[in-house]
Amino acid sequence: MFRLNLKIALRNLWRNKVITSINIGGLAIALAAFILVTMYFTYETGFDKENPNYNEIYIVGRQLPDFKTNYTPPPLGKAIKAEMPEVVAVGTMKMSFFEFPVSSDHGVVFLSKCLYLDYAAAKMFNIKPTVGLTKPESTTENLFYLSNENYKTLFPHNKNGQPEMIWLGSKSANMTGKLSGSIFADPHSNITFDAISLMKEVGIGENYGYNNYSTYIQVKPGTDIQELEAKINTLYKKEMLKNGEDPNNETFKATKAFLDPLKNQHLKPKAGTDANYKVLIALSVLGILILVIACINFTNLSIAQATKRAKEVGVKKVMGAYRFQLAFQFLTEILIQCLAATILGLIMAEIILPKFNNLFVVNLSIWVANSALFWQLPLILIFITLIAGIYPAMVLSGFKPALVLKGNFQTSKQSYWLRNSLLVVQFSVAVVFIIGLLIINSQLKYMRTQDIGFKPEQVVYIKNLAYFVSPSKFDPIRDKMVKIPGVKSVTVTNALPDGSDSGKNKYTVDGKEQSLSFTDVDFDYFETLDIKIKEGRTFSREFKTDTANSAILNEAAVAKYGLTSPIGKTIKGCQNKEYKIVGVIKDFKALGFEKAVQPTIYAINDPCGNPKTEIMLKIEESKMSEVLSTLKSQWPEINKLDGDNFRYQFLDEMYGKLFKKQEQLQSVFFAAAILTIFIAILGLFAFAKYITTGRMKEIAVRKILGASHLQIFKLINSSFFVMVLIANIISWPLAYILTKKWLETFAYRIDLPLFPFLISAVLTILLTIVTVSIQANSAVKANPVDALKYE
Amino acid sequence: MIQLNNIEKYYANKGIKNYVLRLVTTNIKQGEFVSIMGPSGAGKSTLLNIIGMLEEPTYGSYEFLGEDVTSLNERKRIELYRNHIGFVFQAYHLIDEMTVYENIEAPLLYKKVGSSERASRIADLLDRFNIVAKKDLFPNQLSGGQQQLVGIARALAAQPSIILADEPTGNLQSAQAEEIMTLFKKLNQEDGITIIQVTHSEKNAQYGNRILHIADGIVKEDVAILS
């Protein structure tokens, strides 16, 4: 029996190839999207889940009056360990973001995330060097491990990650150190690093003022966390007072210690942003929505096909089939299609995966042994079979033989409103995405074409470890570089115009104190970046005072003070240093388009500034590669202070990264728009098919009465036209609010354009007419005699 | 075998009852070959549907094999379909996705007949109806008469005691119609299968041994045919 049903199912699917492929294809595409979202969801919620103490680990954070932070002082952990019996272990660690090179005879790696942690933390997070975790014997001993990748670069022939000697810092400085081995840096953990420095204890001698460590605690299972949090808070306050904190200090009074579970650290830490979490939820909702809609479309298309199967149901019933047997038969058929869709969906997911990984900066893979997908997929299959199959199975198996066997059976026109509203919802979603996509496109186009006020093209940024506070120290290096043919200008600064925030300080002009951003520069800064001067002049070697007390303001700063003739005025900065304003530059968008141009002061001599380390060169386009190779070969000689490693980046690429988030959003919207349109069209196709088969007789009668083909096309299209129009009208306000909110995150943005709304309407209506007309075509072309034969 | 008492069927529309059948009382015995005749809209098919339990009468009682089946639950009704009733339709209603063989096999599968028994019964039917060569063809590859032969073979597969046929020759040319009617007569006389058919044709009715004339839902005449 089952085999026969299976045979019928396959024959049936084969006979209706178009419908079958639309059904399976539509579902497969939605499934591919859903599989990707599921994988992403599993990945994002699975950080550190492998840790056996996953549910018992908490990070200790501090709540200050205006923000929360996970940075805590090292003695706090020790105090907690000493006084709280429910805390099993306390691990303390510190991340160093300072970039420094490490080299061997085989190569060099640059470490930018070196993690200093104590033995307890390594145990808590299961951080195991390849050679095994050993406890440093004394508090002065320091075990240094490189991540497997870095270790392989330095010692490509070592198989076991054994200890080696390495050069720390520049090779020419000839400072060697002991490398204890290699270590696996799990990218799927909250604790990331490219090297670790393991100590028996960290932060020795650092008291409660040193808030730059992360303190993790592991509690006994079943501990009341709220109670523990209160106890830790009390302890923290007590310790602070013992350390000489003023009990009346307002900031101190408002400060509180809190606990945040490890499992929330990646997506929604108390101290930090939950933007990832929101993105994940939005993606999940979208994935489920698309899948459910695809299932409902599947259902509709199956029911639209029902007339063809009605006879079979009737005959089988009079042959003695129970309803449940028939229902089971149809469910089996749908299961076959869902299975095919799942396999196809997996293949599609596999094809899209590299793009997806690239977009979300993850490294997901379907074919891994312990993939959660292996148990998720069968569940998904059952889930979609039930959603897509239950209703058609009930409807089809419920046909009354006495009605269907008379020969002129037509599916009834029931529950139109449900299908109508479903169609409207599908199109509304699609319209929102179309409008969103068009507006994102316009804003990105604006960002790419708008004058940003400086020219990052052909500017090369050289990574440098040496400090150049005074111009006299940088001059010899500049001279050597300028001599290379093709180098137009060279400068050094403490902040690149690549979107990074610069420091702020109070400055006073005419007795008016304002907070300004400051950028410490050297000669040729404005020339290198091609920044336009508005009034006065830029820094020049001809004026001896420029290296001492000259300053340049940007327009925003001038506006902030409300100065009418700023040139020659005195501006007073930190340590009461007085500058003379020698020039005003035009505003330039160093921070990109999201943040407004900051009122900024530029000076060569700034006693409170950060050290100038960022070297920038403007190079002729045609000589770019020669200049770079010359620099590379001569670098140790040019910049003895930095050492032997010449590393550079193009400024325009760095600036371009500011667009990356928007480009990512654009890709997501592009995919979502295509997907939702596709699914909506599928739904429409099913519905149009259903309607036209239901109206076959009506169409035949109208044709006999003299209706032209065009009139019949109009007749069938009109109701769909209205629905799509309603969908547009529903979506417009929604899309308007959403895109307006999005545009408001930009300091420099386009006015909300009208055309995306019109385009989305025209596009959806056009697609509707085409889809419906294709469907209606067969009904219109059919010979009326066929439809009217049985009466 | 079949006892109908005061069967009424009407459709109420805005309070007005549209009668299809009125006070039909009749008795059909085992081994009879009954033809139901009458003009279009007389209620012939409705009467057959009620006998076949595809429709329920609005009023009256119906006994099948001595059991009251006026309103029967699905399970019991399907038991009767599996064991006692075979249907033959004007439009044949073979399942398009099944071959001739599979079409005949289907009712046996529902009746849960063992596979060797199934095979021998189907072979027997194919042989008897001279359609062995056609067993792997699909319905649309057959002529109307051949399709109806398969339809009858399917109805007989479950070895029913009664066959209900709604204009079995309505879509057939006369030569084929004659063949089918001869077959019915043979089944009735040699195998003792009770047959009830709806027909428009006086000629076809003559193959049976009793005619019920219906007009406007009322049995006007009940004639026995002497052969």
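Quick caveat: nothing in here was measured; it's all calculated off a predicted structure. Side chains included, hydrogens not; waters and symmetry mates left out as well; all remaining heavy atoms used.
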Who among [options] has the most heavy-atom pairs with chain A under 4.5 Å?
options	value
E102(B), R77(B), E74(B)	E102(B)
R75(B), K111(B), M53(B)	R75(B)
I95(B), L164(B), D166(B)	I95(B)

Inset, instruction - Taking all heavy atoms of M98(B) and all of I8(A), pick out the closest pair and write down the distance. - result: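 Closest approach of M98(B) to I8(A), heavy atoms only: CE-CD1, 2.8 Å.
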At a heavy-atom separation under 4.5 Å, does [X] approach chain A through its side chain, its backbone, both, or neither?
X	answer
Q90(B)	neither
R154(B)	side chain
T99(B)	both
Y92(B)	neither
L80(B)	neither

Count the heavy atoms belonging to other residues, nucleotides or ligands that lie under 6.0 Å from [atom1] of [X], then report whether that count exceeds 12.
X	atom1	answer
Q173(B)	CD	no
F713(A)	CZ	yes
D124(B)	CG	yes
F383(A)	CZ	no

Inset, instruction - Any chance you could measure K7(A), atom NZ, to E97(B), atom CD, to the nearest 0.5 Å? - result: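 Between atom NZ of K7(A) and atom CD of E97(B) there are 13.0 Å.
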Legend entry - Reported CG-to-CZ distance for the pair D96(B) and R11(A), which is rounded to 0.5 angstrom: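 If we round to the nearest 0.5 Å, D96(B):CG and R11(A):CZ are 11.5 Å apart.
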Legend entry - Under 3.5 Å donor-acceptor, K317(A) side chain and I78(B) backbone: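 Pair absent, no side-chain N/O of K317(A) close to backbone of I78(B).
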Legend entry - Contact residues of residues 318-327 of chain A (partner chain B; heavy-atom separation under 4.5 angstrom):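 Against chain B, the residues of residues 318-327 of chain A that fall inside the cut-off (heavy atoms, under 4.5 Å) are V318(A), M319(A), G320(A), A321(A), Y322(A), R323(A), F324(A), Q325(A), L326(A).
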Legend entry - Contacts with chain B made by residues 14-29 of chain A (heavy-atom distance under 4.5 Å), listed by residue number: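 Residues in range: R15(A).
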